[in-house]
Protein chains: 2
Amino acid sequence: MDTSLKGTLHKRGLRMTPQRQLVLDAVRELGHATPEQVCTRVQATAPAVNITTVYRTLDLLEDLGLVRHAHLGHGAPTYSEHRHRHLHLVCHRCGGVDEAPAELLTDVARRTLAELGFQLDSTHVALSGTCADCAGEPDDQNDTQNDDADPAPAETVKGDR
Amino acid sequence: MDTSLKGTLHKRGLRMTPQRQLVLDAVRELGHATPEQVCTRVQATAPAVNITTVYRTLDLLEDLGLVRHAHLGHGAPTYSEHRHRHLHLVCHRCGGVDEAPAELLTDVARRTLAELGFQLDSTHVALSGTCADCAGEPDDQNDTQNDDADPAPAETVKGDR
DNA sequence: ATCCTTGCAAACAGTTTGCACGCGG
DNA sequence: CCGCGTGCAAACTGTTTGCAAGGAT
């Protein structure tokens with residue numbers, strides 16, 4: 001069968017366009033990226049592409065099962081390839097993002113299912129807390145502290161390696 | 001020592017105002033409430049109170065340790081009394097909110113701490129998944145489905161009892 | 001009489017919607 | 001040549017900031 005983007009689209013009576021390919025490529029290249037970041041990336045090649053199109057295309061690609069999004073904090077969600085399934089741990093002090101295997105929550109998922117019938121999706125929303133670096137530091141009163149996770153752009157990722 | 005709101009404020013050189021008492025009362029009465037909901041509630045008594053003041057006051061009360069906020073989905077955070085510490089389980093289909101004891105994540109917290117030095121705050125962000133009711137239903141294509149948690153106002157809470 | 005607090009307007013981030021044009025099939 | 005897909009402008013939700021008037025101590 002056809003696994004190309006074009007083929008996947010055609011099966012649904014949808015059309016192949018340069019924008020769609022560019023958005024998919026951008027998500028793949030960027031790893032975790034907000035719609036805004038994807039847009040910027042796409043615009044490096046095709047400056048005319050509008051952020052609206054990026055939003056619509058990301059939705060579509062998610063529908064097609066090619067990408068997925070996760071919420072890392074209060075800000076914009078981040079999109080990544082569908083296969084990228086980790087647990088995200090966001091530090092509410094520095095905004096840094098750690099990754100951990102999704103299996104960490106397997107037991108919890110089993111329990112919520114058994115006790116409440118709740119089917120946990122462990123990768124969709126990041127867990128919040130304080131990272132190792134920040135836990136050591138004094139109780140910053142006036143520093144560049146960040147109550148909620150405000151993931152500084154992309155690079156702040158710590159785990160992943 | 002003085003445990004009244006007034007006393008707590010004075011210790012910090014802050015002033016007691018009707019707005020602050022009203023916001024605190026509203027949070028206590030409403031249980032989980034978004035700033036918008038708190039504002040509406042406060043305005044039932046004092047129509048002139050501005051949403052800006054509600055935001056500022058909620059921040060302040062959180063600082064004082066009187067209330068806390070949690071993120072139940074992509075929308076507005078919900079504020080509750082400080083003592084309210086549950087795990088929140090949000091259904092991304094219907095937006096319903098379940099509550100579970102925070103202890104569910106104790107083991108996970110132990111592991112993230114040991115393995116990554118990450119100090120988990122289990123109650124700050126809701127876990128995402130599919131609730132018992134929605135798991136049973138067919139794969140709604142066009143129904144009132146709700147990809148992300150979009151907690152319908154307050155009452156949709158299921159657990160808690 | 002200080003100076004903390006407030007209300008209001010404006011700006012801001014993130015996202016969605018309506019609409020007309022134009023290209024893909 | 002039909003109608004999906006796009007760009008653009010506008011609206012919208014949630015939140016923050018600047019500023020001047022007003023009230024608490």
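Proteins get letters first, then strands, A, B, ... in listed order; numbering begins at 1 in each.
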| field | Phosphate-side-chain proximity, Gln19(B) and dG7(C), N/O vs OP1/OP2 below 4.0 Å | value | yes
| query | Between dG14(D) atom C1' and Tyr79(B) atom OH, what is the distance in whole Å? | reply | 11 Å
| For Asp63(B), salt bridge (Lys or Arg N to Asp or Glu O under 4.0 Å) partners two or more places apart | Arg12(B)
| Between Gln21(B) (CD) and dA24(D) (P), how many Å, whole number? | 14 Å
| query | Going by the salt bridge (Lys or Arg N to Asp or Glu O under 4.0 Å) test, which pairs reach into residues 30-42 of chain B, not counting sequence neighbours? | reply | Glu29(B)-Arg41(B)
| query | Asn50(A) side chain N/O closer than 4.0 Å to the phosphate oxygens (OP1, OP2) of dT6(D)? | reply | no
| message | Using the salt bridge (Lys or Arg N to Asp or Glu O under 4.0 Å) criterion, which residues pair with Arg110(B)? Sequence neighbours excluded. | response | Asp107(B)
| task | Sugar-phosphate atoms are those with a prime plus P, OP1 and OP2; base atoms are the rest. Using that split, label each nucleotide of nucleotides 15-25 of chain C B, S or - for protein heavy atoms under 4.0 Å, 5' to 3'. | result | SBBB-----BS
| request: Rounded off to whole Å, could you give me the CG-to-C1' distance for the Leu58(A) and dG5(D) pair? | output: 15 Å
| request: Find the distance Glu62(B):CD to dT15(D):P and express it as a whole number of Å. | output: 12 Å
| Does any non-hydrogen side-chain atom of Val23(B) lie less than 4.5 Å from one of Thr53(B)? | no
| request: Please report, rounded to the nearest Å, how far the C1' atom of dT6(D) is from the CZ atom of Arg20(A). | output: 9 Å
| Leu60(B) CG to dC4(C) C1': how many Å, rounded? | 11 Å
| said: How many whole angstroms separate atom CD of Gln43(B) from atom C1' of dC8(C)? | reply: 13 Å
| note | Residues at least two apart in sequence or cross-chain that pass salt bridge (Lys or Arg N to Asp or Glu O under 4.0 Å) with Asp59(B), listed by chain then number, are none
| note | Sorted by chain and residue number, the salt bridge (Lys or Arg N to Asp or Glu O under 4.0 Å) partners of Arg111(A) (sequence neighbours excluded) come out as Glu115(A)
